[in-house]
Amino acid sequence: MHRSLLCVRILAAGSALQAFAFSGHAQSSPDPKYDFYVCASMTKDFTIGKRTTRLSGLFRIEDRTTPRHIGFNHPKQDAVAVDPSDPKVIFTAGLNGVLRSLDGGESWRIMTSWDMTEPKDIVIDPNAPDHIIVGLPDGIGVSRDRGVSWDRMDSGIPRKYTQSIVVDRTEAGRMVAGTEKGIYLSEDGAKHWTLVQPADATVTNVSQSPHDPGVYMATTQENGVLMSTDGARSWHQLDGLTSAHTIHNGDFDTTDPDRLAVCGWTIGVQVSEDGGKTWTARNDGLPTANVWRVAIDPDISGRLYCSPHQEAVYVSDDFGLTWRHGFFEGAVVWDFAFIARP
Amino acid sequence: MRTMNFEKQIFVSGLNLILLTGTAVFAGDLASDRRDSYLARAGEVVEWRASRADLSNPEAGGLADIAAKLVLNQDLDWCSSKVIELMQEPSGDMFWMFPCVSVAYLGRDKLSSEAQGAIRNAWRVYMPNRGDTENHWAMYYSSLYLMAQLWPDQSGETWYTGKSSTENMAEAREYLLSWIDLTTTRGQGEYDCTHYIGEYTIPMLFLATWADDPAIRLRGRMMLDYIFADLAIDTLDGIYVGAHARTDDRGVLEKWHHLSSFFSWLLFNNCPAPGFSWGTYFSLVAQHYNLPEVIFRIATDRDGPYLSHELKRTRNRWRNSDLRNPPVYKTTYMTDDYAVGSDQGGLLQPLQHHSWDLTWAVDDPRGVHNTIFSIHPHYSSEEMQMYFTEMPDWMPDAVVFQGKASYNKEYKFLGGSKYEQVFQDLDTIIALYNIPPGTNFEHINGFFSKDLSRLEEDHSGWIFVQGGEAYIGYYPLAPYEWREVIQLDRQLNENVTKDRRLYSPHLKNGTIIQAASSDEFPSWEAFKDTIRALPLEVEREPTPRVRFTTLRGRNLEFAFNQAPRVNGRPVNYATEWKLFDSPYLQSEPWSRRLTMTHGKLKRILDFNTVTITDSASDE
C-alpha cells in the first residue's frame, strides 16, 4: 500500500501542491507537508512474554530525524492509517488487533474483539473515511463506522490470508487485496472478490501510483514484482528482479512518475528510473542486503528510507547512491507512512 | 500395576486397604487421604516458593514469590512494597497477566491500598501482547476476565484496552466459551502438551477459584477435569507418553522432565516432581480443585493393557492449508511395562511437535531417557508460514533466536515433518518417510537411549533392544550409521549425550517398531526368534511401503500417502476416531460430553448443560 496516496489527492485540490517544486535532487523542504509515521519493532531482544527494554510500535517523525513514540509499547504494529480529514484519528493494525486513537495518539482503544487476530494491513477508504478495511490472516474485515463494528467481507477468496489492501482513490468501491494465492479485485465495496493475478505464495504489498490511478505495483514472495496498467485488472511480472526471495514492498516516487523503489530479502534496495523497465541495486553503504521496507519521501526529492534487518533505518538523499545511518537501532520496520498535514 | 509413592505413606496404606476390602466404605477414607496428601504437596510448593524470596536483596522477588507469601500471610509489608516496585515496569504480556491476577486476588485484603492501586494503574498503562496461539489467549482472556470482575463498572479510560470493565469481561467470556466449545467438539488445538498444559490448567483453576459467575467457575472446574483426564489416560507412571502438540528438546528424551509430570506428582502422586517453579501458580489455589476419584484411578489403577484413540486438531493454520484446523488422530497403547503412542504424522503443529514414541516404565525416571522413536528433522519457512503470520525468509532464524534453538539443527529430535506419515496398530508403529531431494534435511534420526539394557543389530535387519521390561524390535527400512546425540543447554551449548543416534541418509525411509513385555516370552532369544519370524515385506521405491504381520497377529499394510489397512480393511480415521475412545474415556465428536469411567465410578462432563454428573454402579 502506498501510504501517501490519500494525502496527494487532497493536496492536489488546493494550492499546496504548487508549493513543492521538486527538482529531482535531494532537497529538504523547509516546511514539510507530510507527517512521517513508522511502525517498528526493536526485534533484537524481543520474544513474546520476555521483558522488553526498548520502545516498539508506532512512531511519528515530524522532523524526519527524531522518532517520537506514540501510544503503547507494543512489540508488533504492522501498519498505520491516518484519517486524511482528521489527522488526530489514527488506526494501527498489529498483534492485538486494530487500535484507534481519536486524539492524535494520546489515548487508544482496541477496536477489534477476540475473533480478529493479527491484522496485517489497514487502510482508510479515501472515498468514505469512516470505512476501514483490514487484511487479516483469515480474510478481510470491513468497518463502516470507524472501527466500532466489523464485517468479514472476503467472498471469493478461498485461501484467505491477506497481507495487503489498497483502496482505489479514484473510484469508490474498488479495492485490491494481496493474498496468499494472488491478487484479488473487488469492484463492489468488498462484497465480492475476483482473482485477477494468481501467485505462488504471498503477495506482500500492493500500491497504487500517485500519478496514474490505473497503475498498480505488487511485490511478492515468489513471483518478483508485478505491475498493472489497467486498474489492477491484469498484471505482468517486471524483468530484472528476483523471484528467489521475498520482495517486501515497493513505492512510487510522488515527485517523479518514472521512479520506483522496491526492497526485499537478499536484494536490498532496488530502484528504477524508467518506470520499472530496468532496475539497479542501490545497496552501497547498507549493512545488509536483507531489507524489510523502503519508502520514498514525498516532501524531499530523492530521499529514500529503508530498514535493513535488525539495523537502524538508513536514509539516502540521492535515491540510494549513498546511505547514512538515520534513526533507531536493531529495528525492523513494518510500515513507513506519509500523512499530509491539513 | 507398579505401585509408586513419592510423598506420603498414608496414600499407599489407603490404596492397600481398598484393594483388600473392595468396599465403598474405605473409598471415602481413601479419597480423604488422597485429598490431604494433595493439599500437603501443594502446600509444600507454596512454602518452597515463599522461602525463595530473599528480602535483603532488593533485586530479588517476583510476582510468584509475592503470591506465595500472601497465601502464607508472610512479610505483607514487603509484598506491598514489592508490588509497587514491580508495577512500575510491567512486562511479560500474558505471562505477566495471570501472575498479576493471583497477586491481586490473594492480596485483596492483605496488600496496601497503594499496592492495589499500583496494580490497577498497570492495567491502564501497560498493554500486554495478546499473543498468537491458544495458550496465550487462555492466559490473556482468563486474566482479563478476572481483572475486569475485580474492578467492575470502570470506564475504558482506565483500561489498556480502552474498553470498559463490562466490555472487557464480555469479550473475555465470549472467547473462553468459544475455546471451550471448540475443544469439546473438535478437540484441543495444543493437545497433550508437556509444558503448555500449565498454560491451560492454571487459567482454568483461576476461573474456578475466583469467577463470581457460578457457571464460569463450574466451566473452569470442568475444563480442569477434561484436561487432567486427557493427561491421565496418556500417562505411564506419571509420564506423558506418545504424541504431543508441543514438547521440548530435553523432555522429548527425558520423558519425565516436564510440567506435566509436576501435575502427575501433585494430582496422582505417582512420580517425582521435576521442579516446582511453574506449578507454583496452580498450587497457590490448589484447594479450589478436587480431582475426581475416577480420574485418579484412570491414572493410577489400570486393569491391563488398553487402547486409546483421541481426536484433536491443529492450531490455526493461516497459509499452505485449505483447512484452518485439520484433525489430528491420536493412538495410545498402554501397558504396565510400556506405552506406544502416535499421531498420523505431518506438520500438525509448528516447531515442537512430537509425532510418536515408545516409552518404557522405570522405577525412578529422573535423568532416564526411557524412550525410542525416529523423526525426520525438518525445518522450513513453509511450516512457519502455515502457523505464523510473519514474512518467510527470516522466520526459521527468528524462532531459533526466540528460544527454539534446535529448530534448524540436523541432529534434533523435536518437530514434525510433512514428509513423515505414521500408522499405529496396538503396540506396532510404522513410520514412513518420503523426503524430496533438497529438503532440510535429507536424513532421518532414530533415538537410541543410553538407558537401554540391550541393543543388538541382528542379521535379519531388526535392531533388538530392551528398555526396562519392554522388549522392542526396531526395523530401519534403509541403511544407517551411528552418530552422537547432541543436546543444547540453556546457554545453547551443544552437549554430547551418552545416547546413540541412528542416522540414515536415505530419502525413502522408515521405521517399524514392535513392542512386547518381557513376561510374554520365556527368554530374550525367544522374543528375537518370534520377531524374526514375523512376515515382513518392505519396498522403498517409488514410495515407502510396508506389509507386516504383527506380534498380535494383525496384517498391516501401509504405504506413503495411502490409507493404512488392517487385515485388508482400510482404516478410516475420519469415521473411526472419537474425541476420546478407550475403556475409560468416551466422547463423540461435536457432543460436548465426556464420560469418564473406572470400575463402578462414572463422571459425565456435559458442556451442553454445564453439568457434572457422578454415579457409582453396583457391579
Side-chain angles (χ1 to χ4, degrees), chain A residues 43-53 56-57 71-76 78 94-97 99-102 107-115 117-120 136-138 158-163 179-181 201-202 204 221-222 245-246 248 264-266 290 292 309-310 332 334, chain B residues 89-97 125-133 136-137 139-141 144 156-157 159-164 167-168 170-176 178-179 316-322 324 381-382 385-394 397-399 401-404:
Chain A
T43 58
K44 273 194 172 173
D45 55 3
F46 171 66
T47 301
I48 286 179
K50 192 176 173 184
R51 176 172 290 278
T52 51
T53 56
S56 294
F72 291 96
N73 183 12
H74 196 287
K76 189 78 191 302
D78 286 85
L95 256 176
N96 278 20
L99 274 62
R100 185 188 74 182
S101 173
L102 298 176
S107 63
W108 294 83
R109 176 183 168 96
I110 303 174
M111 302 306 295
T112 42
S113 187
W114 65 271
D115 56 349
T117 184
E118 301 154 76
K120 308 308 294 179
L136 298 161
D138 55 349
R159 287 280 192 92
K160 297 193 182 299
Y161 183 92
T162 303
Q163 181 74 42
T179 76
E180 178 195 350
K181 286 297 186 184
T202 305
T204 54
Q221 181 179 329
E222 293 187 3
H245 291 276
T246 305
H248 288 131
W265 209 254
T266 74
N290 297 327
W292 286 102
H309 177 56
Q310 291 191 326
V332 169
W334 309 110
Chain B
E89 290 187 20
S91 184
D93 306 311
M94 69 295 294
F95 298 100
W96 169 85
M97 294 172 78
V125 300
Y126 171 57
M127 177 180 279
N129 183 352
R130 199 177 68 152
D132 58 8
T133 188
H136 292 164
W137 299 330
M139 291 184 280
Y140 180 97
Y141 277 120
L144 185 60
E157 289 76 31
W159 291 95
Y160 71 86
T161 59
K163 300 176 183 178
S164 69
E167 290 173 311
N168 285 327
E171 179 178 334
R173 182 179 188 278
E174 193 175 327
Y175 172 74
L176 292 165
S178 169
W179 172 72
N316 287 330
R317 284 182 172 179
W318 303 121
R319 283 175 280 192
N320 301 323
S321 176
D322 290 325
R324 176 64 43 76
S381 64
E382 177 189 358
Q385 288 183 88
M386 182 179 282
Y387 291 108
F388 299 103
T389 66
E390 309 299 331
M391 294 290 185
D393 298 82
W394 184 46
D397 287 342
V399 298
F401 154 75
Q402 291 182 5
K404 310 298 187 291

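Both backbone and side-chain heavy atoms feed into the values below; hydrogens, waters and symmetry mates do not.
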Task: Best-contacting candidate, Leu99(A), Asn290(A), Thr266(A), Asn96(A), against chain B by heavy atom pairs under 4.5 angstrom - done: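 Answer, by heavy-atom pair count under 4.5 Å with chain B: Asn96(A).
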Under 4.5 Å from a heavy atom of chain B, the part of [X] involved:
{"X": "Trp108(A)", "answer": "backbone"}
{"X": "Ser101(A)", "answer": "neither"}
{"X": "His74(A)", "answer": "side chain"}

Task: Separation of Asp397(B) CG from His309(A) NE2 (nearest 0.5 Å) - done: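 It is 7.0 Å, given to the nearest 0.5 Å.
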TODO: Drop me the distance from Glu171(B)'s CD to Ile110(A)'s CD1, to the nearest 0.5 angstrom.
DONE: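 Reported to 0.5 Å precision, the distance equals 7.0 Å.
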What closest approach, in Å, do [X] and [Y] show between heavy atoms, and which atom pair accounts for it?
{"X": "Thr246(A)", "Y": "Pro392(B)", "answer": "OG1-CG, 3.1 Å"}
{"X": "Ser178(B)", "Y": "Trp114(A)", "answer": "OG-CH2, 3.2 Å"}
{"X": "Trp318(B)", "Y": "Glu180(A)", "answer": "O-OE1, 3.9 Å"}
{"X": "Thr389(B)", "Y": "Glu118(A)", "answer": "OG1-OE1, 3.1 Å"}

[X] portion near chain A, given a 4.5 angstrom heavy-atom threshold:
{"X": "Asn316(B)", "answer": "neither"}
{"X": "Ser381(B)", "answer": "neither"}
{"X": "Tyr141(B)", "answer": "side chain"}
{"X": "Trp394(B)", "answer": "both"}

TODO: Could you tell me whether the side chains of Thr117(A) and Arg130(B) share a donor-acceptor contact shorter than 3.5 Å?
DONE: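 There is such a pair between these side chains.
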Open item on the list: Using a 4.5 angstrom heavy-atom cutoff, name the option from Lys163(B), Gln385(B), Glu382(B) with the most pairs to chain A.
Closed with: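 Ranked by heavy-atom pairs under 4.5 Å with chain A, first place is Lys163(B).
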Task: Among the listed options Glu167(B), Glu174(B), Arg324(B), Arg319(B), the residue most often paired with chain A at heavy-atom distances under 4.5 Å - done: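 Winner by heavy-atom pair count: Arg319(B).
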Task: Sidechain N-carboxylate O distance under 4.0 Å for Glu157(B), Arg109(A) - done: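 Salt bridge absent between Glu157(B) and Arg109(A).
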TODO: For side chain to side chain contact (heavy atoms under 4.5 Å, CB included), just list the numbers for Trp292(A) and Met391(B), CA-CA rounded to whole Å, side-chain angles, deciding distance to a tenth of an Å, and then say yes or no.
DONE: CA-CA 9 Å; Trp292(A) 286 102; Met391(B) 294 290 185; 3.5 Å; yes
